[in-house]
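So the structure is just underneath, and the comments pick up after that.
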Amino acid sequence: MKKKSQSELNGQPPAEELKETPVPESAEQTVETAEEAQIAVPDGEPVRKDNPVTAFFKSAGLVIASFFIAIWTHIKDWFYQKIILKFKGDEEHRSFVRWIKDIGLWFKALPSRTVAFFKGLPAWFKAFPSRTKAWFKSLTKEGVKSFMLGTGEKKGFLQCFVSYSLLILFGFVYVYPILYMLGYSLMSPSDVTDPMVNYLPTSAYFQNYSEAAHVLNFWTTLFQTIYVSLLPAIFQTISCCLAAYGLARFNFRGKKAVFALIIITFIVPTQLTMMPQLLIYSKIGIVDSVFTFIIPAALGQGIKSAVFILIFYQFFRGIPDSVVEAAKIDGANSFQIFIRIGLSAAKPAILLSLLLSVVWYYNETVLTSIYLGGAVTTLPLELEKFEATYKELFGDAGGIGGKTVNEAIYMAGTLLSILPLLIFYFFTQKHFTEGIDKAGITGE
C-alpha cells in the first residue's frame, strides 16, 4: 500500500505540483526599490538610508559650532568688555562683593524689564512701517557706499561678509575633525554598529576613554612626552636666540657663509641627514636617550632650528642702533645689551619659538622611534601601535571573551593623544598669535 505524503494528508498538492505564481511588474519594481532602500548587514538588521533633513540639520549644527569656535577670541573679548566691565566698573576699583550685588540687582530687575519689553512690542511693530519708510527716505548714495565698503577704519558690510564667510569655511575645515572625533569617541558599541547614528551618540559612553587610556598607559606616556618635547624646546629656543643675535648685531668674516649654511640645513631633507646623525650618536653613546634631541637642540641643530633663527634675526634687526649706542655709552657690555634690550624686544619671538618647538617635538614620530628606540615613548608613538596593544591587553577577536578595537575606542585614543596640545594652545593662544603677528611686521 502506497503511503501518502504529508502534503496529501493536509489536503495540499505535492511540492512538485506547485506552480510558480507570476509576479506582476509593479511588484517586481517594489521589491527592487525595497532592496535598494535596505541593505542587509551581517546581523540581519536592515540598513536604511539617512534622512536628508536630519543630515542637513546635523551639518548645519556642525557649521554653527565651528563658527562660534572660530570667533571665540572675538566673543570672549566682547563678553568681557560689554558684560563683565559693565557690572564690575573700572578694573580694580570695585570689590568682588559689590560686583555680586550688582549682578543680583540686575537679575532682580529682569522680570520687570522683560514685562516692559513685551508691552512695548505692539507699539514697536505699529511704528515699524513708518520707521522703515523714513529710513529708506534717509538713504543717500554716500551712506550706502560707506555702509557697503566702509569708511576709514570702519569696515564695510562686504568686507565683513567676505571675512566671516572665509572664517566660517576655514574654521569648519579645521574644527570638523575634532568634532567628529569627540562625537564618535562617546559612542557605545551599539551606536557604532547602528547605521542610524552618525555624528552624535544616543548616550555618552565614557568607557571608551578608560580603555583608551589603559592602552596608551596615558599618564606615564604623557610625562615622557612632555619630557621629550619640553626640554629640547627650551634648549633650542636659547641656542637659536643666541645665534640670531650674533648674526643680527655683529659683523665678522664668514657671516654670509654661516647664514647660508643655516639656510641649507633647512632646505636639506631630514631623511638625508638622519642616518649619518644616528651613526654619530651611536659612536658617542647617546642613542636610546633623550640627549639625542637635547644636544643638537643646544647646538642650534634641532628640529627646524633655521626657522627660529630667522625669526629671532628679524626681531634683533629691528632694534634701533641709537638704543644700542646709548646703552654702550652708559657702560653696558654686549652681554648686558643682549639681556636687557635684546631679550625684552624679542619676547614674542621667544614665546613663538618655544610653542612651535614643543609642538614639533611632540608630533615627531620618525626621529623619536629611531633615536630613542624603546627607552622612551610618546603618545603619538603609542597611538601608532594602538590596535596591536589593544589586542595584547584585551585578547584577540577570535578568542573566547576577546574584544576588538572599534572606531569609537580609536577615536577616544586619538583625542587623548592630542588633548595636551589643545589645552596647551588654549592657554597660550594670545601669545602665539601675537608672536606670529609681530614676527611678520618687525624689521619692515
[Y] and [X], any side-chain heavy atoms less than 4.5 Å apart:
X: Met187; Y: Tyr205; answer: no
X: Thr368; Y: Phe293; answer: yes
X: Ile418; Y: Met181; answer: yes
X: Tyr362; Y: Thr378; answer: no
X: Pro296; Y: Phe291; answer: no
X: Leu222; Y: Pro420; answer: yes
X: Leu310; Y: Phe266; answer: no
X: Ile234; Y: Leu354; answer: yes

Given 3.5 Å as the limit, does a donor-acceptor pair link the side chain of [X] with the main chain of [Y], or not?
X: Ser344; Y: Ile341; value: yes
X: Asp191; Y: Thr202; value: yes
X: Asn333; Y: Phe335; value: yes
X: Thr265; Y: Ile262; value: yes
X: Thr193; Y: Pro189; value: yes
X: Ser369; Y: Val366; value: yes
X: Gln224; Y: Thr377; value: yes

Self-check item: Nearest non-hydrogen partners of Gly300 and Ser305, listed with the distance
Solution: O-CB, 3.3 Å
Practice problem: Write down the atom of Ile303, the atom of Phe308, and the distance for their closest heavy-atom approach. | Solution: O-CE1, 3.8 Å
Quiz prompt | Stepwise side-chain contact (heavy atoms from CB on, under 4.5 Å) test for Leu419 and Leu415 | solution = CA-CA 6 Å; Leu419 185 61; Leu415 195 60; 5.6 Å; no
Please round to the nearest 0.5 Å and tell me the distance separating atom [atom1] of [X] and atom [atom2] of [Y].
X: Tyr425; Y: Leu421; atom1: OH; atom2: CG; result: 12.0 Å
X: Asn363; Y: Leu379; atom1: CG; atom2: CG; result: 10.5 Å
X: Leu231; Y: Ile294; atom1: CG; atom2: CD1; result: 5.0 Å
X: His214; Y: Thr389; atom1: NE2; atom2: OG1; result: 10.5 Å
X: Ser210; Y: Phe218; atom1: OG; atom2: CZ; result: 13.0 Å
X: Ser417; Y: Leu422; atom1: OG; atom2: CG; result: 9.0 Å

Quiz item: Given the rule in the side-chain contact (heavy atoms from CB on, under 4.5 Å) test, do Leu355 and Phe424 qualify, once you have shown the distances and angles that lead to the verdict?
Solution: CA-CA 9 Å; Leu355 295 177; Phe424 182 66; 3.1 Å; yes
Quiz item: Taking Leu372 as the fixed residue, which of Val287, Leu381, Asp288, Val228 is the one that meets the side-chain contact (heavy atoms from CB on, under 4.5 Å) rule?
Solution: Val228
Quiz item: When the ring planes of Phe161 and Phe157 are compared, do they come out parallel, tilted or perpendicular, using 30° and 60° as the limits?
Solution: parallel
Self-check item: Ring centroid separation Tyr184 to Tyr180 under 6.0 Å
Solution: yes
Quiz item: Just checking, is any N or O donor in the side chain of Tyr209 or Ser185 under 3.5 Å from an acceptor N or O on the other one?
Solution: yes
Quiz item: Does any donor atom in the side chain of Thr221 or Glu382 lie under 3.5 Å from an acceptor atom in the other side chain?
Solution: no
Less than 3.5 Å apart, which donor and acceptor atoms pair up between the side chains of residues 237-259 and the rest of the protein, not counting sequence neighbours?
| unit_1 | atom_1 | unit_2 | atom_2 | d |
| --- | --- | --- | --- | --- |
| Thr237 | OG1 | Ala233 | O | 2.8 |
| Ser239 | OG | Phe235 | O | 3.2 |
| Ser239 | OG | Gln236 | O | 3.0 |
| Ser239 | OG | Ala297 | O | 2.7 |
| Arg249 | NH1 | Phe316 | O | 3.2 |
| Arg249 | NH1 | Ile319 | O | 3.3 |
| Arg249 | NH2 | Asp321 | OD1 | 2.9 |
| Asn251 | OD1 | Lys255 | NZ | 3.3 |
| Lys255 | NZ | Leu247 | O | 2.7 |
| Lys255 | NZ | Phe250 | O | 3.3 |

